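Input: a single structure, listed below in structure tokens.
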Amino acid sequence: MITKNIELAIQVLNEDNLVAIPTETVYGLAGNAFSESAVHQIFELKNRPLHNPLIVHIHSIDYLSKVAKEIPDKAYQLAKAFWPGPLTLVLNKKDTIPDVVSAQKNTVAVRVPNHPLLLELLANIDFPIAAPSANPFGSISPTSAMHVANYFGDELEIILDGGECEKGIESTIIGFDGEDPVLYRMGSISIEDIKKEIGDLQLITKNDINPEAPGMLSKHYAPKTKMYLTNHVHELIQNFNHQKIGVLLFEKNLSEQHIKHQEILSATGNLNEAAKNLYAAMHRLDHSNLDIIVAERLPDIGLGKTINDKLERASKKE
Ligand code: AMP
Ligand code: MG
């Protein structure tokens, strides 16, 4: 059921069952982070491998010391700068968080989300919630209650409707090597903005990538329709004259007659707007009965970098 009724959602969470929740990034599939049984249900419903850890959502920075320990100064600095907001910190875990949440790691990923409905919900429960994105493992993340309903219609008692997600892409994830910050996943906060706050940080390179981090798996965020990513959409689609083609473009339409469906991410060339529209556009393309989707690479700055990263993973062969 899609509803705005927070009391109902709280009741379901208190019974150790799952609720889909709105956040400013994407919709989440939430359960009591202190309850092993609730967390197991999340993995099952998403069909997510148990070695992929979940993000824990807390109401405020004051709650941080209940779930994490040995918190580096720069973690506090980042939390103060960006919370509530789309920044996830990977920190040493306290025993209050069951190992299933963190996939047996001794670290926990945690953030304070910035969505009024979700903050109200968190203020009225006495546990944090574990919530990965509310989509089957590997598929396109949901940015509206309808997207969640399309994936999990009958299997979820409650989908809490908080409207369209304001940011539209996942949180930026930062971990620590001792005191030194490390970027684990590009997301809604640009690397440039993070660096403005804390100076330089290591970027995890492909060889360092831990396969246990799904946001970093090479194939992820993927539509069912075959997708290509290119700097030159016009040239590439000439190879597919006899197919039903959909295109995902940054700011300008193409005039080719044989394109069946076009999506423009931001007519004004605004990267924030493009990020917000990205997954909804991918959902529409994937439901348009196409043979292929050709996506245009965005400018490689700010959130353009994050969007290109998602598009690369969405268009990976396997
Ligand atoms: P999702 O909420 O579906 O976007 O996925 C959660 C993301 O957080 C994944 O990319 C996880 O790998 C990452 N994550 C959660 N916990 C940890 C952790 N302890 N260490 C590293 N990454 C983590
Ligand atoms: Mg996800």
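What you see is a predicted model, and the numbers here were worked out from it, not measured in a lab. Remember, it's 1-based here, ligands and their atoms both numbered in the order they're listed.
Using a 4.0 Å heavy-atom cutoff, Arg48 is listed among the residues neighbouring ligand 1. Within the 4.0 Å heavy-atom shell around ligand 1 one does not find Gly175. At a 4.0 Å cut-off, not a single heavy atom of Asn52 sits close enough to ligand 1 to count as contact.
Of the N and O atoms on the side chains of Ser141 and Glu170, at least one donor lies less than 3.5 Å from an acceptor on the other residue. Remark: the Asn92 side chain and the Thr107 side chain contain no N/O donor-acceptor pair separated by less than 3.5 Å.
Taking the six-membered ring for Trp, Tyr151 and His283 have ring centres closer than 6.0 Å.
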Original post:
Taking it one step at a time, do Asn17 and Gln41 satisfy side-chain contact (heavy atoms from CB on, under 4.5 Å)?
Top reply: CA-CA 8 Å; Asn17 287 320; Gln41 283 183 59; 3.5 Å; yes

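Pairs of residues two or more places apart, or lying in two chains, never qualify as ring pair (Phe, Tyr, Trp, His ring centres under 6.0 Å) while including a residue from residues 81-116.
Annotation for ligand 1: atoms under 4.0 Å from non-hydrogen atoms of Pro132 are 2 (O), 3 (O). Of all atoms in ligand 1, listed by their number and element, those nearer than 4.0 Å to a heavy atom of Thr107 are 18 (C), 19 (N), 20 (N). For ligand 1, the atoms sitting less than 4.0 Å from at least one non-hydrogen atom of Arg185 are 1 (P), 4 (O), 5 (O), 7 (C), 10 (O), numbered in the order shown with element in parentheses.
If you look at Ile173 next to ligand 1, the close heavy atoms, those under 4.0 Å, all belong to the side chain. Here Ser102 has no heavy atoms under 4.0 Å from ligand 1, in either its backbone or its side chain.
Here the side chain of Asp286 pairs a donor or acceptor atom with the backbone of Lys224 at under 3.5 angstrom. At least one donor-acceptor pair under 3.5 Å links the side chain of Arg48 to the backbone N or O of Asn52.
Among the atoms of Ser133, an N, O or S atom falls under 2.8 Å from the Mg ion (ligand 2).
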